[in-house]
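So the structure is just underneath, and the comments pick up after that.
As the structure lists them, so they are numbered: ligands from 1, and atoms in each ligand from 1.
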Amino acid sequence: MELQNGTSVTDQTPVIEIRDLHKAYGQLEVLKGVDITAPAGHVVSLIGSSGSGKSTLLRCANLLEDSQQGDVIFCGEPVAWKGEGANRRPGDHAQMIRIRTNLSMVFQQFNLWAHMTILQNVMEAPVTVLKREKAEVEAAARKYLDKVGIGDKCDVYPAQLSGGQQQRAAIARALCMEPKALLFDEPTSALDPELEQEVVKVIKDLAAEGRTMIIVTHDMRMAHDVSDHVVFLHQGKIEEQGPPGELFGNPKTERLRGFLSATVS
Ligand SMILES: Nc1ncnc2c1ncn2[C@@H]1O[C@H](COP(=O)(O)OP(=O)(O)OP(=O)(O)O)[C@@H](O)[C@H]1O
Ligand SMILES: [Mg+2]
């Protein structure tokens, strides 16, 4: 298949590719030339200390944040920028919406609408943003809520659910957009350990069925178990990366060794 800009797209074309990305907040350089590739069906985990730029990188990937240099490429389609440096913005609104709606994000704090039932939460964006037919979306929403194990919670409000159930509802909401990839930012960090495992199980199931995912996490066991590739960010640069067995089993840099020994108790 050929895109309008002449790029050809094959099955091997990564869902997300980030090349040499630079991002600063004013004088603060947060990303200093980062490359990440998420091939279809792969799980990439981002690990690193607080402030290393993990959330910023995810937000740049789905264009929630502007960046000043480098490329963001979605399914072979490079983001069309207008302006340069501090003035650089996505230049094609339709493309920006297409990318955002195809990269569903799951946040640490769930971000469910308190005044809507769980079913309404899951149906909201497909109906209002994607303009899909309501009955069809409802069937899909019920299917995804079943899939994450809370099919019996359709008609209750978020406050009536445990944290783990709310996060699973947020995952169902992300899935109901039928995205090309899921982006998770610390999906288990706000949860008590026993609730955390419910969410880890759902993420493992999604990995097993071949979903493309980028996961920012402090849970090294999950990163080890679900990832095809792990990236260790340090102060806005990739310090080390590789398959999980290698990265966790045989860390090469002093910084990663230090990070892992401080993290794994
Ligand atoms: N909106 C913002 N305005 C200014 N600085 C910001 C903003 N968001 C993040 N930063 C700064 O950018 C740096 C990277 O932040 P980021 O949230 O990406 O880190 P992180 O790796 O996700 O950390 P954590 O593990 O604590 O979530 C930090 O120094 C942070 O203070
Ligand atoms: Mg973060």
With a 4.5 Å limit on heavy-atom distance, are the side chains of [X] and [Y] in contact?
X: Q235; Y: K32; value: yes
X: L175; Y: L182; value: yes
X: L206; Y: V43; value: no

If the threshold is 4.0 Å, N to carboxylate O, is there a salt bridge linking [X] and [Y]?
X: D146; Y: R142; answer: no
X: E196; Y: R221; answer: no
X: R257; Y: E254; answer: yes

Exercise. With a 4.0 Å heavy-atom cut-off (strictly under), which part of L233 contacts ligand 1: side chain, backbone, both or neither?
Worked result: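 The answer is neither.
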Exercise. Under a 4.0 Å heavy-atom limit, does T56 contact ligand 1 with its side chain, its backbone, both, or neither?
Worked result: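 Under 4.0 Å from ligand 1, T56 contributes backbone and side-chain atoms.
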What are the atoms of ligand 1, with element, lying closer than 4.0 Å to any heavy atom of [X]?
X: S49; result: 21 (O)
X: E186; result: 25 (O)
X: V30; result: 12 (O), 13 (C), 14 (C)
X: H218; result: 25 (O)

Exercise. To which protein heavy atom is atom 9 (C) of ligand 1 closest, and what is the distance rounded to 0.1 Å?
Worked result: Y25 CE1, 3.5 Å
Exercise. Considering only protein heavy atoms, which is closest to atom 25 (O) of ligand 1, and at what distance to one decimal place?
Worked result: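 Sorting protein heavy atoms by distance from atom 25 (O) of ligand 1 puts K54 NZ, 2.7 Å first.
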Any N/O pair [X]/ligand 1 closer than 3.5 Å:
X: S55; result: yes
X: L28; result: no
X: G53; result: yes

For this session: Flag atom 2 (C) of ligand 1 as yes if some protein heavy-atom distance to it falls below 4.0 Å, otherwise no.
Result: yes
Seminar exercise, completed: For residues 37-51, the side-chain hydrogen bond (donor to acceptor under 3.5 Å, both in side chains) pairs (sequence neighbours left out) are S45-S227
Exercise. So, Q120 and Y157: side-chain donor and acceptor under 3.5 Å apart, yes or no?
Worked result: no
Problem set entry | Residue pair H22 / E29, side-chain donor-acceptor N/O under 3.5 Å | no
Exercise. Hey, which protein N/O/S atoms does the Mg ion (ligand 2) have under 2.8 Å?
Worked result: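 Sorted hits: S55 OG.
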Problem set entry | From CA spacing to verdict: side-chain contact (heavy atoms from CB on, under 4.5 Å), L256, E239 | CA-CA 8 Å; L256 178 56; E239 178 83 10; 5.6 Å; no
For this session: Please lay out, stage by stage, how F248 and L260 fare under the test side-chain contact (heavy atoms from CB on, under 4.5 Å).
Result: CA-CA 8 Å; F248 292 115; L260 292 176; 3.7 Å; yes
